[in-house]
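Heads up: the structure comes next, in structure tokens.
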Amino acid sequence: MLQHIRIVLVQTFHPGNIGAAARAMKTMGLTELVLVNPRSHPDEEATRLSAGANDVLDNARVVSSLDAAVIDCVQVVGASARLRSLPLPHYDEPDDMALDVIQNAQTAPVALVFGRERSGLTNDEIRCCTHQVSIPANANYGILNLSQAVQILAYEVHRAWRKSADNDFAYQRPLEATPPSREQFLHFQAHLGELMQKSGFLTQPHARTEEQLQALFARAQPSRKELSLLRGLLSAFESYLPKQ
């Protein structure tokens, strides 16, 4: 579905902004970039600022008009800080926009359109859009760099996709955070109980001390690596106990 979401940059003046936008896209799983009359493409500055998103740059299409860039799209969302006097549906919040975009992108192309660095989109270009979206920002200084705007809207789209029922996104977790198996945890509890008995820490056979400590470690939810460290600590303490 993310492959159906197209980022369109209109007459981008600074090549570096194209590269930074490609980087913003790739971090959010978007791959289709269309450039409308860029001042320079390809360009070494774009490649440098793409920070490895060369595939997005290399596969970017260059077209001569916005209409050519979005002619096959079922939804075209123009990003604009300035509202125009055109009766287009407007999203005040990017997350509302993202929900509609991922719904429409299930079966057909959708475009997010960004205008020139200094002047944005013209009225004629807005007329090529079906919707507008603004990024809420400081009313006294709402100036976003082009690639920043791409990053924010791309993130909102990716976030809406992650929340959808049919995504295959897997959150990144360090291997060290893998939880222990039930068997490993039971071995730890048995080791802990044995050491408490040997050390004389448990003096009353019916005390709930052991149960409470086991509950404490269960609440702590140690990882497999952390549980291994605790087992090592118990073994080290055990080596100082008198041999029975």
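Owing to the predicted nature of the structure, the values given are computational and were not obtained by experimental measurement. Position 1 is the first residue of the sequence; numbering continues from there.
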Please check this pair: side chain of [X] against backbone of [Y], looking for a donor-acceptor N/O pair closer than 3.5 Å.
{"X": "E211", "Y": "R208", "result": "no"}
{"X": "E117", "Y": "H14", "result": "yes"}
{"X": "S134", "Y": "S80", "result": "yes"}
{"X": "R224", "Y": "P179", "result": "yes"}
{"X": "R39", "Y": "F13", "result": "yes"}

> Hey, are S147 and N145 close enough side-chain-wise for a donor-acceptor pair under 3.5 Å?
Replying inline: yes
> Looking at OG of S235 and CG of L230, how far apart are the two atoms once the value is rounded to the nearest 0.5 Å?
Replying inline: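 Spacing of OG (S235) from CG (L230) equals 11.0 Å.
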> Which of parallel (below 30°), tilted (30 to 60°) and perpendicular (above 60°) describes F188 and F217?
Replying inline: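 F188 and F217: perpendicular rings.
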>> Quick test of your reading of the model: are R6 and D72 salt-bridged, counting only N-O distances below 4.0 Å?
In response: yes
>> If the test is side-chain contact (heavy atoms from CB on, under 4.5 Å), which one of M97, H158, Q148 qualifies with L153?
In response: M97
> So do the side chains of V56 and I7 get within less than 4.5 Å of each other, counting heavy atoms only?
Replying inline: no
>> A side-chain contact here means heavy atoms from C-beta on lying under 4.5 Å apart; do Q103 and L99 qualify?
In response: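 Q103 vs L99: side chains apart.
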>> Using every non-hydrogen atom in the two residues, find where A105 and I5 come nearest and quote the distance to one decimal.
In response: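 Minimum heavy-atom contact is CB-CG1, 3.8 Å.
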